[in-house]
Chemist: 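So that we are looking at the same thing, I have put the structure below in structure tokens.
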Amino acid sequence: GTRVTAGGAILRGMDAPFARPPRPLSRAEVREVDRRAIEDLGLPGVVLMENAALGLTAAVERALRAGRATPGQDVVVVCGRGNNGGDGLA
């Protein structure tokens, strides 16, 4: 099926949630993926923000399980310029 990952990447034919794209996407590519998810698939922008938050949560959980982070350790979310402040807030 089609999945929209944290960060808005649309992956077709992949069943694993939060699968990573084959390479990091450029800012322009991410904007296009977000636009297509909203306009073509009808996903609300807030759903993309929620997916970003879920992706971050999953990454922190993986780091905890792998011993790369310690329970109770602070997690800092830094948002750069642009439209990603809502993702960081979520």
Side-chain angles (χ1 to χ4, degrees):
T2 299
R3 299 272 186 203
V4 179
T5 69
I10 297 175
L11 303 174
R12 288 186 176 81
M14 301 185 84
D15 293 324
F18 307 113
R20 293 186 183 168
R23 62 176 174 74
L25 300 176
S26 71
R27 181 185 309 178
E29 289 171 320
V30 170
R31 285 184 179 167
E32 176 62 11
V33 169
D34 284 351
R35 184 195 66 73
R36 290 182 61 194
I38 292 167
E39 293 178 12
D40 297 350
L41 300 177
L43 291 173
V46 69
V47 171
L48 300 179
M49 285 188 266
E50 290 170 352
N51 283 342
L54 290 171
L56 175 61
T57 301
V60 169
E61 289 174 344
R62 282 191 304 273
L64 285 168
R65 282 194 301 275
R68 294 188 314 266
T70 305
Q73 188 175 6
D74 291 337
V75 175
V76 177
V77 178
V78 179
C79 298
R81 293 181 297 180
N83 260 353
N84 64 0
D87 295 350
L89 179 61

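Excluded from the calculations below are hydrogen atoms, water molecules and symmetry mates; all remaining heavy atoms, backbone and side chain alike, are included. Given the structure is predicted, the values throughout are model-derived calculations rather than measurements. Positions are given from 1 along the sequence.
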Chemist: My understanding is that only residues two or more places apart in sequence, or in another chain, count here; which of them pass side chain to side chain contact (heavy atoms under 4.5 Å, CB included) with T70?
Modeler: Q73

Chemist: Which distance, rounded to the nearest 0.5 Å, do you find between the CG of D34 and the CD of E39?
Modeler: 11.0 Å

Chemist: Who pairs with D40 by salt bridge (charged side-chain N to carboxylate O under 4.0 Å, His left out), at least two apart in sequence or on another chain?
Modeler: R36

Chemist: With sequence neighbours left out, what residues match I38 under side chain to side chain contact (heavy atoms under 4.5 Å, CB included)?
Modeler: L48

Chemist: According to salt bridge (charged side-chain N to carboxylate O under 4.0 Å, His left out), who are the partners of E50, at least two apart in sequence or on a separate chain?
Modeler: none

Chemist: Please name all residues satisfying salt bridge (charged side-chain N to carboxylate O under 4.0 Å, His left out) with E32, sequence neighbours left out, ordered by chain then number.
Modeler: R35

Chemist: Please identify each residue that fulfils side chain to side chain contact (heavy atoms under 4.5 Å, CB included) with R65, with sequence neighbours left out.
Modeler: E61, R62

